[in-house]
Structure formats: structure tokens, C-alpha cells
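Counting starts at 1 for both ligands and their atoms, in listed order. Along the sequence shown, the residues carry numbers beginning at 1. All of these numbers come straight from a predicted model, not from anything done at the bench.
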Amino acid sequence: MEFKPTIGLEVHAELKTKTKMFCNCLNNPEEEIVNKNICPVCLAHPGTLPVINKKALEQVIKVGLALNSEIPEYSKFDRKNYFYPDLPKGYQISQYDMPLCKGGELPLFLSNDLKEVKKKIKITRVHLEEDTGKLIHSGNGKSTLIDFNRAGVPLMELVTEPVMHTGKEARLFAQGLQLLLRTLGISEANMEKGQMRCEVNISLAKDEKLGTKVEIKNLNSFKAVEKSIDFEIQRQTEALEKEEKITQETRGWDAEKEITYSQRLKEEAQDYRYFPEPDLPRLHIHSKEESDGLFNLEEIKKQIAELPWQKKERIKTGFNLSSEEANQFIQDEKLMIFFEQVVEEFNSIKLENRKKAISLAYNYLTSDLKGLMESESIIWEKLKITPQNFAQLIILLSNDKISSRVGKDILAEMVEEGGKPEEIMKIKGLEKISGESQLEPIIFEIIKNNPKTIEDYKKGKENALQFLVGQAMAKTRGAADPKSLEELFKKQLS
Ligand SMILES: [Zn+2]
């Protein structure tokens with residue numbers, strides 16, 4: 001009997017606001033001095049009162065609008081009560097029954113599988129809350145210190161419906177959400193830095209009913225999201241096959257051993273004693289009648305740039321790229337801008353084979369140029385090649401004026417020194433030599449100078465021919481076409 005896994009995600013993301021959620025302290029995730037950005041409000045001193053950061057509300061509404069969520073007219077904040085040393089108030093200001101965004105969906109647009117791309121993951125809600133401080137455990141395990149720089153930083157929480165069925169789907173969802181948050185400019189959403197954190201809930205059942213829910217926490221990479229789910233599916237399947245009962249619990253992920261382990265039994269919502277935050281007013285977010293709400297949704301919509309899945313479709317069809325190729329571009333904005341300028345250059349001249357040029361440009365950009373930039377640690381801003389000169393190089397290649405070997409050499413030279421590819425080609429005499437009249441003198445010379453190899457060739461040694469071609473390639477500094485050389489040698493030696 002097969003067991004069907006059902007998976008939901010809970011994602012937290014730190015917002016990129018100037019100040020914290022309820023006070024004027026700086027929100028600086030890069031701050032290295034502990035307890036620098038703190039004040040009586042975020043340290044929960046008696047008598048202090050929170051003030052809402054309007055920008056944070058706007059950012060979460062933006063996410064909701066991008067996901068096609070409903071933005072209710074009214075919203076409010078609630079207290080979620082629990083004790084933990086990194087939570088000075090003894091409660092977290094969060095949202096319970098009136099979140100900023102309800103419903104919505106995110107397509108699995110980063111998948112290369114057409115069926116998966118069309119799958120839209122339903123969102124339950126997106127709300128706003130505050131982050132906690134950070135515990136720093138001493139090396140000897142005897143003491144723990146607390147850094148409150150992060151306490152009170154605006155934190156978005158997004159919850160999906162339990163509609164995913166594999167680790168891969170969950171990973172694609174999280175990667176897509178990260179790209180959306182970055183595109184909207186509201187969070188860096190770097191998982192390694194804890195700016196985006198995923199929790200998984202997973203249950204297995206034979207029929208459409210849901211089984212016992214297990215939660216997996218502390219997942220700080222996309223790989224961990226996928227692998228921990230795959231592990232849990234395996235673990236729970238084996239247990240259910242032996243007719244063991246699954247415990248409702250929270251499990252952690254051991255990234256080294258690649259296993260989940262039991263942490264604690266799961267709390268229920270009622271354990272937190274949620275109640276409306278008495279120090280904050282109910283919020284009139286927007287109004288269908290004119291402008292008596294806090295926000296004008298139409299104005300926020302106008303600020304939303306092209307969404308990543310829209311961009312993917314546009315460049316896929318516009319440039320005739322595959323899904324994998326388009327993914328490279330939508331995940332690297334600077335590469336994308338460079339590529340678009342290169343293609344623009346193609347459009348400005350008469351090009352025999354535009355399709356071939358675009359595909360060459362893609363290859364030289366994503367493997368050769370990116371490779372050179374990585375090995376020399378060059379950033380886009382410091383790059384000496386302009387998109388126009390890069391386009392000219394691709395045109396030389398596309399029109400068969402230079403061989404691909406020479407193309408790579410010229411590219412390396414341009415990365416080093418800048419300059420126009422045509423000039424580099426002429427100065428260094430790298431133009432492709434393919435005419436018989438140009439190649440014959442070189443071939444005669446090589447035959448004359450290598451009598452031993454010629455003998456070997458005549459005895460039928462295949463690599464003798466390769467040696468001769470290699471000699472000729474060296475002589476022409478890679479400018480000759482190896483295929484034509486081979487033909488010519490065969491002709492001369494037959
Ligand atoms: Zn503060």
C-alpha cells in the first residue's frame with residue numbers, strides 16, 4: 001500500500017526596512033557589535049509603547065498583491081504568549097485572526113518540468129510579526145549570552161496550504177519565493193544568514209484524509225528543505241508499514257548526518273493564549289471608498305516591477321531560450337541586463353542568423369565570461385567589456401570570421417584590457433584561415449619538417465595525422481579550422 005505525503009511550508013523572512021517594527025532602532029542585519037541597535041521599546045522596559053512601522057506593512061501588502069492574495073480592509077496585531085530568553089516581553093507581537101493578506105498562490109516557475117511549472121501552490125496567509133533576539137552559547141557550554149540587535153526586526157510569515165507532495169516541490173516553492181522577495185526589494189532572503197527560514201509540516205496517509213502532522217524546523221538551505229522532506233517520507237513510510245504510530249512532534253534537521261531527530265512535542269495554537277495587542281489600534285488598511293484607509297492599493301500595485309515568472313516567460317519566448325537558460329537569467333539580474341543590451345546590439349545591425357548569435361551569446365556569457373569573471377574576481381561594475389563589444393565578438397563568431405578557440409582568446413584579452421574585438425583580431429592576425437591557398441604553404445612546411453611522422457602516417461598510425469594538425473594549429477595560432485587542415489593533409493599525403 002502506497003502512502004501519500006502531504007506537505008505545507010511556513011516561511012519567515014526578515015524585511016529590509018530602515019528601522020525595526022515597533023521602535024526607531026536601526027534594522028541592520030550586518031551589525032557586528034552586539035546590542036548596539038537596542039532601546040527601551042525593543043528591550044521591553046516597563047511603560048514603553050510600540051509604534052507601528054508603516055513601511056513594513058506596505059512591504060507585506062506588496063507581497064500579497066504579487067501573490068494575488070486578498071488584502072482585507074481591516075487588520076490587527078495580537079500577542080502570542082510564550083517564554084524564551086531571546087523574547088524580552090514574554091510575548092511576541094504577531095497577527096492571529098486578521099492577517100494582512102489572505103489566500104493567494106505562487107507558481108513553481110523555477111521548475112524545468114512543464115507540468116510542475118503550471119502548478120500553483122495555494123497560500124493560506126501572509127502576516128507580519130517581530131523577530132526575536134539571538135542566543136550566543138559559549139564554547140565551553142557553561143553560559144549563554146543574548147544579542148538583541150535582531151529583537152523587534154519586522155518579520156514576514158507566509159503559510160502555504162498543505163498541497164505539496166515532494167521535497168523537490170517544496171524546494172522549488174522556497175526558491176521561487178526568495179526570488180520574488182528579492183525582485184520586490186523587500187528582503188535579501190538569504191537562508192544561510194537566517195534572513196529567510198523555512199519550516200516544513202508533513203504527514204503521510206493512505207487516503208485523502210491527512211495523517212499525523214510532523215514539523216521540521218531549523219532548515220537553513222534549500223537543500224535542507226528538500227532532503228529533510230525526502231528523509232521524513234522515507235522514515236514515516238517505514239514506520240507506517242510496520243503499523244507504528246506517528247507522533248505529532250517537532251523535529252530538527254541534522255545537515256551532516258542528513259537525518260531528522262525528535263526535538264519536542266508540538267504546541268497547539270491555544271497554548272499561546274493569543275489575544276489582541278491592547279497597545280496597538282485596529283488597522284484600517286484600505287478602503288474601497290476613496291482614500292480613508294492607510295494605503296491605496298492601486299498605488300502599491302504600480303510600484304511592483306515585472307514578476308520573476310512573467311520575466312521568465314518574456315525572455316523564454318522573446319529570445320527563444322530553454323527553461324534552464326531562462327532560469328539562469330532571472331536569477332542573476334546583472335547578467336540579464338548585460339544580455340539584453342547584447343541582443344539590442346544584434347537588433348541594430350543586419351544579422352544573418354540572429355537565432356545562432358543569441359545562442360552563442362548565451363553560451364559565451366554564462367560559461368566563458370562568467371568563468372573568467374569568477375577566476376579573476378571581477379564584478380560587473382568593474383568589467384572592461386561593454387555589451388556592444390561583446391556583441392561584436394559574437395558577430396565575428398556567428399559569421400565564421402574567427403574560430404571558437406580564437407573567440408575565447410579574444411574574450412580573455414577583452415576581459416584583461418578592454419578594447420574592440422575586430423581590432424584585437426587584426427593586430428594579432430587571428431582572422432580565420434580556411435582558404436586552401438592560405439593553408440597550403442603551412443602544410444608543405446610541416447610535411448617537410450616532420451619526415452618521421454609522415455612515415456608513421458603512411459604505416460597507418462592515426463594519431464600521426466592529429467600531430468600534424470596540432471602543429472598547423474600552433475603555426476596559425478588557432479586561426480585555422482582543424483577540419484579543413486585534416487582534409488588538406490590527407491589530400492597531400494595520399
Ligand atoms: Zn528599539
Side-chain angles (χ1 to χ4, degrees), residues 11-63 75-96 98-101 126-138 143-158 181 184-197 220 272-285 294-295:
V11 185
H12 286 91
E14 281 176 4
L15 301 182
K16 216 165 60 174
T17 50
K18 201 166 158 260
T19 55
K20 289 188 182 180
M21 189 59 227
F22 299 113
C23 63
N24 261 330
C25 291
L26 281 184
N27 168 16
N28 178 12
E30 306 293 335
E31 181 56 66
E32 280 172 9
I33 301 167
V34 295
N35 292 315
K36 188 173 179 216
N37 299 321
I38 54 170
C39 76
V41 178
C42 51
L43 289 184
H45 288 194
T48 56
L49 288 170
V51 177
I52 296 170
N53 183 338
K54 193 177 170 187
K55 198 76 198 163
L57 294 175
E58 189 186 301
Q59 290 186 346
V60 171
I61 292 169
K62 221 181 235 181
V63 176
S75 184
K76 73 169 167 58
F77 284 99
D78 301 274
R79 287 187 183 181
K80 181 182 182 181
N81 298 283
Y82 68 97
F83 171 78
Y84 208 68
D86 59 13
L87 186 73
K89 289 199 283 280
Y91 59 85
Q92 179 189 32
I93 303 181
S94 178
Q95 296 195 287
Y96 185 52
M98 291 172 76
L100 280 171
C101 319
V126 190
H127 72 248
L128 189 54
E129 56 189 34
E130 56 179 337
D131 210 346
T132 60
K134 261 186 204 164
L135 298 182
I136 303 162
H137 305 290
S138 71
S143 61
T144 295
L145 301 166
I146 310 178
D147 177 8
F148 285 109
N149 281 339
R150 200 180 67 178
V153 161
L155 197 62
M156 180 199 94
E157 181 179 322
L158 178 149
L181 297 177
L184 295 173
I186 72 154
S187 176
E188 284 306 317
N190 184 320
M191 286 192 79
E192 282 74 23
K193 288 185 182 172
Q195 292 162 338
M196 180 165 135
R197 293 160 241 160
N220 60 4
Y272 291 117
R273 306 267 171 221
Y274 277 100
F275 65 86
E277 167 60 61
D279 292 337
L280 292 171
R282 197 166 96 122
L283 302 167
H284 187 188
I285 297 295
L294 279 165
F295 297 98

Q. What protein N, O or S atoms come within a distance below 2.8 Å of the Zn ion (ligand 1), ordered by chain and number?
A. C23 SG, C25 SG, C39 SG, C42 SG
Q: Go through the side-chain N and O atoms of S75 and Q95 and say whether any donor and acceptor fall under 3.5 Å apart.
A: yes
Q) Out of T132, D131, N28, which one pairs with V153 under the side-chain contact (heavy atoms from CB on, under 4.5 Å) rule? A) D131
Q: For the pair E188 and E14, evaluate side chain to side chain contact (heavy atoms under 4.5 Å, CB included) and give the outcome as yes or no after the intermediate values.
A: CA-CA 8 Å; E188 284 306 317; E14 281 176 4; over 6 Å; no
Q: Pick out which of E277, E129, E130 makes a salt bridge (Lys or Arg N to Asp or Glu O under 4.0 Å) with R79.
A: E277
Q) Can you find a heavy atom in the side chain of N53 that is under 4.5 Å from one in the side chain of N27? A) no
Q. With respect to H12, which candidate in E157, R197, Q195 satisfies the side-chain hydrogen bond (donor to acceptor under 3.5 Å, both in side chains) definition?
A. E157
